[in-house]
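Reviewing the structure listed below.
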Amino acid sequence: MSAYEPKIVGIFCNWCAYTAADLAGISRMKYAPNVRIIRVMCSGRFDPQMVFWAFKHGADGVLIAGCHPGDCHYQEGNYKALRRYKLLQKLLDQLGIERERVRLEWISASEGEKVKQVIDEMTETLRRLGPLKIQEAPGEEAAAAPAAGGGHHG
Amino acid sequence: MKGNGEVPRIGVYVCDCGTNIAGKVRVAEVVEFARDLPGVVVAREYKYMCSDPGQDLIKRDIQEYNLNRIVVASCSPLLHEHTFRKATAEGGLNPYLVHHVNIREDVSWVHEDSDEATRKAKAIVHGAVLRVAWQKPLEPQSVPVRDSALVVGGGIAGISAALTLAEAGKQVYLVEREPTIGGHMAKFDKTFPTLDCAACILTPKMTAVKDHPNITLITYAEVEEVDGYVGNFKVKVRKKPRYVHEDRCVGCLECIEACVFKEPRFPNEFDLGLSKRKPVYIPFPQAVPPVVTIDPDTCLYLRFGKCKKTCVEACGDRNAIDFDMKPETLELEVGTIILATGFKTFDPTRTPKYGYGRFPEVYTSLEIERLVNSSGPTGGEVVMRNGQKPKRVGIIHCVGSRDKNTNPWCSKVCCMYSLKLAHLIHERSGAEVYNFYIDMRTPGKGYEEFYNRLAKEGVHLIRGRVAEVTDAPLHPEEEGKLIIRVEDTNIGVVRRIPVDMVVLAVGLEPQPDADEVRRLFNISCSTEGWFLERHPKLAPVETFTDGVFVAGACQGPKDIPETVAQAQAAAANALALMDKGSVEMEPNVARVNEELCSGCHICIGLCPYGAISFNEEKKVAEVNEVLCKGCGTCTAACPSGALSQNLFSDHEVFSEIMGVLL
Amino acid sequence: MSGYAYYPGCSLLGTGKSYDESVRAVFEALGVPLQELENWNCCGATAYSSIDECTAFALAARNLALAHRRGDPILAPCPNCYLVLTKTQRYLEQYPEIRQRIVQTLERLGLNLGHDVPIRHPLQVLSETPGLEAIRQKIQKPLKGLRVAPYYGCLLARPYPIVEDPWNTTILEDFIRVTGAEVVPYAYRTRCCGGALTGVVREAGLRMVYILLREALRQGAQAVVTTCPLCQFNLEAFQDQALRKNGIQERIPVLYFTQLLGLALGLPPKKLGLHRHLIPFQPQRKALQEAVA
């Protein structure tokens, strides 16, 4: 592959966003292949550390997608995700990481079209931004296995 | 069962799905790649993993290769995760040691480039292999399912579902918003294609609902709150005051006769305003329950506190009328819920070119249903507002259907009901009838035959979308008429057809409050606003919320036979759940590692279900697994990593993230 | 702000000259400041976008950018210009990839597109400033007894209507009533005049013109009042052919609503360009015709 292609991790909630991605598939919509979707039950499971973990392992961006406000299958998990996302944005600023690299979207189960649109847009944005530029702290190496429970919280 | 602690021995199964996956993803290459991943003992390609032989592969390999982890890469786990869990269990392995990933909806169907698709499929399989190694055997919790059901909506869908459930011995609560059950069907005169009388087939069912010992009929009421989960829903129903005690009213209607309004003067909603009613009324004579209702907006006493209350006098000893009645909230506990909230018809003022609201002789099809109904406002006479019979009538199909400006969908029932109305209008008035259609859609048992019959009866069938209805004549014979301007595409000519009466075959739309209702019951809607079924083909009456089912036109336009079939299917699904008596909950609940918990309380406030409490003795958080619904919010928030969600632990999710970043 | 950025468009320089004249005269008389948009270009009309959409958008967008630079809302009396400018603005908001290309093109001209230059039609503007009541106060020669058919044409009604509910609006009728004239019921008020058909498929175009005129005559109108230079042109220039073909002797003048308003405000007919019309508008024309015959 000659041109740079960003790698994006998608954290999609089971009930809305993941179902919408299924719908996009059933509708045979065509979108950029750059997002790898991981299914969680709720966007409330989204943990900002997933973002840094992903960056550490070569991701250029992370897309979190959950149900629209008021629609959460678990009442309010998406609000928790939103809160964490807002705080994370500040942290990204401090680290000199572009905010556009982490995106939170509300996608309902019927919005297959939005899955396509968001993924295409984000891919395009990240193509423009180029690879994540972040210096690894000296002496630290990418772990071969995930940290044990709590380990990556260090 | 196996699966504890050993070194991972992983079997990877990549599905071709015929050509659905293999047409885009080079499956053999993915299998080759998987074979070399850590812990993988066997990797296979198979044409249809979900088929019996596909499942047998897994079962056999578990035995043969002593596998303790399974990865299946095929379609969406929302479709077949349970299939592969079952196969894994049958192979002798704990079913939660399988991880199912999606390389169809997420890959082969949405990407065009084979290299890209193959690369992505490998990444996804890599993520799954890394993740599955961390998965643990789990035992699902079983919760009891109550032997009672809630049916929301008392149209033909709700009635059919309620009767099926009640006949099977279940306690059913049927909640209806209007003062009577019967829904749209109660408004019809005849039903297509057999032209049997709607009342004759519906009213016995309505009465059966009222009389059934297992059905509690709650009319003039709406569901206000829904709590709980499959098998154990707690529902609050708000009953509006009808100012008449249903148990005391005998339906003698003497109060209506006695009302201080000597003549009916308020639009009767049931007749769509084509007839008048009094403040105390019964929507139609066969209403169920057969009791009167007092409308607070028009009743003098309820509005102004002043009236001779002749109705109370007429009621006498029965004492059924009670002006002090207040709204009442009922609390129900049910195991399953069936939503049958129906549809609304399209409002044709949104297509002003057809003149509804501007020209008095333009009607909606539902209004005509009332006109042709022998118990309707004209006793079944088809007459214009001036009382005369029309000589020519035009029926315009697809009003608010198949139209980008309004609704893109086909409403499915309009062609057939328009043909039915053409027949009835001709029969009742002798008028010449013109039907204007885009395409004649009559798929169904006996439907095409009905269409042929109508064509023989001499109905004019003009293929063309009507441009406008106007009262501006061009020719003398058009004076005083409504002129329908249409391109007759069968003969390639623009025609102007003067008529006396225009009927707009309005399409079906979701109820205006469908969005609030779906939130109440925690289900989804399609973009159009119809309730979303769990799977369009394989789970058409289930929803994404276990224990909640949909039936009838709230899920999409449907005619009566289809609605009844779906209602009975929903009832059967609900019965299956209730008869089993218990349901296995997904074991994706959170657990606390007491060693790590610092007792900070953060998780306790976050849990939307109050499932986490603080153990004062041990000074740690505790999860009540019955209350926990498995969202994982607490797991993400725990600063000590003490909370872990089954199937979505940090180990599992973080390894998957690492894996997909191949 | 130096008043509305007046965008006459090509039509108002040619066949629609009297529309241009009457718009300027009426705005002046009502004290609504108006200044022509400097160095404007053709909006591209409908033809260009069917040949090369992107260039067509660029053409229209340049005018939006000029107005954006000036900081004034655009006044577009020609419904076709109104449509094309509005459509361009909406499309560029909706399709970022097209917008990006246009923005780059405009940047080379030293122009900045902006996002929300208001695009207004004189009917909208005058109904707000000075407003119908204020206009009523200024009426000097009420057109009492004149029966007028209000004809919006199609483009103000769709696809980007100038009012919320074009089927039920009375905005043009309200203006006619302010002049003292009487409004006749006119079922075809938003029906197409035939557009370019009179040029390319004459028979079809003439029939459409005929249907519109016949209904106006049937309702006893003495004038048709329109808001569009193409409608005016079609209904006037092809009137003789269309009516003669159908054996109708009567003729009916076709005015711009600004002309009707100008007359009622007491402006001289010449200042309103009335002398340019083919069918003379004289309230006593019937009597004259009869005298000639």
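First the proteins, then the strands, lettered A, B, ... as listed; each starts at 1. Quick caveat: nothing in here was measured; it's all calculated off a predicted structure.
Rounding to the nearest 0.5 Å gives a distance of 10.5 Å between CD of B:Glu105 and CD1 of A:Ile37. Once rounded to the nearest 0.5 Å, the distance linking CE of B:Met658 with NZ of A:Lys56 reads 10.0 Å. Here the CG-CZ distance, from A:Asn14 to B:Phe648, works out to 7.0 Å after rounding to the nearest 0.5 Å. In this structure, CD1 in B:Ile124 is found 9.0 Å from CD1 in A:Ile38, a value given to the nearest 0.5 Å. Atom CH2 of residue B:Trp530 and atom OG of residue A:Ser110 lie 14.0 Å apart, to the nearest 0.5 angstrom. A distance of 11.5 Å separates CG in A:Leu23 from CG in B:Leu78, rounded to the nearest 0.5 Å.
Both the backbone and the side chain of B:Thr527 come within less than 4.5 Å of a heavy atom in chain A. Proximity to chain B is absent for every atom of A:Asn34, based on heavy atoms less than 4.5 angstrom apart. Contact of A:Cys72 with chain B is made through the backbone alone, with heavy-atom distances under 4.5 Å. The part of B:Asn588 that comes within reach of chain A is its side chain, from C-beta onward, which places non-hydrogen atoms under 4.5 angstrom from that chain. Only the side chain of A:Lys80 comes within contact range of chain B, with heavy atoms under 4.5 Å apart. In this structure, the portion of B:Cys525 lying under 4.5 Å from any heavy atom of chain A is its backbone and not its side chain. With a 4.5 angstrom heavy-atom cutoff, A:Arg39 touches chain B via backbone and side-chain atoms both. Interface remark: A:Ile11 contributes side-chain atoms only to the contact with chain B (heavy atom separation under 4.5 Å). If you measure heavy-atom distances from B:Arg104 to chain A, you find no contacts under 4.5 Å at all. Only the backbone of A:Phe46 comes within contact range of chain B, judged by heavy atoms closer than 4.5 Å. At a 4.5 Å heavy-atom cutoff, the contact between B:Thr545 and chain A is made by backbone and side-chain atoms alike. Heavy atoms of A:Thr19 lying under 4.5 Å from chain B belong to its backbone as well as its side chain. For A:Ala81, no part lies near chain B; criterion is any non-hydrogen pair under 4.5 Å. For A:Met29, the part lying under 4.5 angstrom from a heavy atom of chain B is the backbone only. Interface remark: A:Val115 contributes no atoms to any contact with chain B (heavy atom separation under 4.5 Å). Both the backbone and the side chain of B:Ala637 come within contact range of chain A, each with at least one heavy atom under 4.5 Å from a heavy atom of that chain.
Minimum interatomic distance between A:Tyr74 and B:Tyr609 (heavy atoms only, all atoms of both residues): CA-OH, 3.1 Å. Residues A:Trp15 and B:Phe544 approach most closely at CZ3-O, 2.8 Å, considering heavy atoms. Taking all atoms of both residues into account, the shortest heavy-atom contact from A:Tyr31 to B:His111 is O-ND1, 2.8 Å.
In terms of modelled atom types and a separation under 3.5 Å, the side chain of A:Arg36 and the main chain of B:Leu661 share no donor-acceptor contact. Not a single donor-acceptor pair under 3.5 Å links the side chain of B:Trp109 to the backbone N or O of A:Arg28. Although no hydrogens or angles enter the test, the distance criterion places a donor-acceptor pair under 3.5 Å between the side chain of A:Lys7 and the main chain of B:Leu662. Between the side chain of A:His57 and the main chain of B:Ile657, no donor-acceptor pair closer than 3.5 Å is present.
For chain A, the option among B:Leu532, B:Leu606, B:Asp115, B:Val101 with the highest count of heavy-atom pairs below 4.5 Å is B:Leu606. With chain B as the partner, the residue from A:Ala54, A:Ser108, A:Gly112 showing the most heavy-atom pairs under 4.5 Å is A:Ala54. In terms of heavy-atom pairs under 4.5 angstrom with chain B, the leader among A:Glu76, A:His73, A:Gln75 is A:His73. Of all the listed residues (B:Pro38, B:Ala642, B:Ser76), the one sharing the greatest number of non-hydrogen pairs under 4.5 Å with chain A is B:Ser76. Considering only heavy-atom pairs separated by less than 4.5 Å from chain B, the leading option among A:Gly70, A:Ala24, A:Gly10 is A:Gly70. When the candidates B:Cys75, B:Gly127, B:Gly630 are compared by the number of heavy-atom contacts under 4.5 Å with chain A, B:Gly630 comes out ahead. No other option in B:Asn593, B:Asp515, B:Val660, B:Asn522 has as many heavy-atom pairs under 4.5 Å with chain A as B:Asn522.
Side-chain contact check for A:Arg84 versus B:Thr633: some heavy-atom pair is nearer than 4.5 Å. Here the side chains of A:Val40 and B:Gln645 are not in contact, with every heavy-atom distance at 4.5 Å or above. Taking 4.5 Å as the limit, some side-chain heavy atom of B:Val653 sits within range of a side-chain heavy atom of A:Arg45. In this structure the side chain of B:Cys631 never reaches within 4.5 angstrom of the side chain of A:Met41, judged on heavy atoms.
Inspection of the A:Asp22 and B:Asn102 side chains reveals an N or O donor paired with an N or O acceptor under 3.5 Å.
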Determine whether B:Val110 and A:Lys30 satisfy the following criterion, side chain to side chain contact (heavy atoms under 4.5 Å, CB included), listing intermediate values before the conclusion.
CA-CA 4 Å; B:Val110 289; A:Lys30 301 295 175 210; 5.6 Å; no
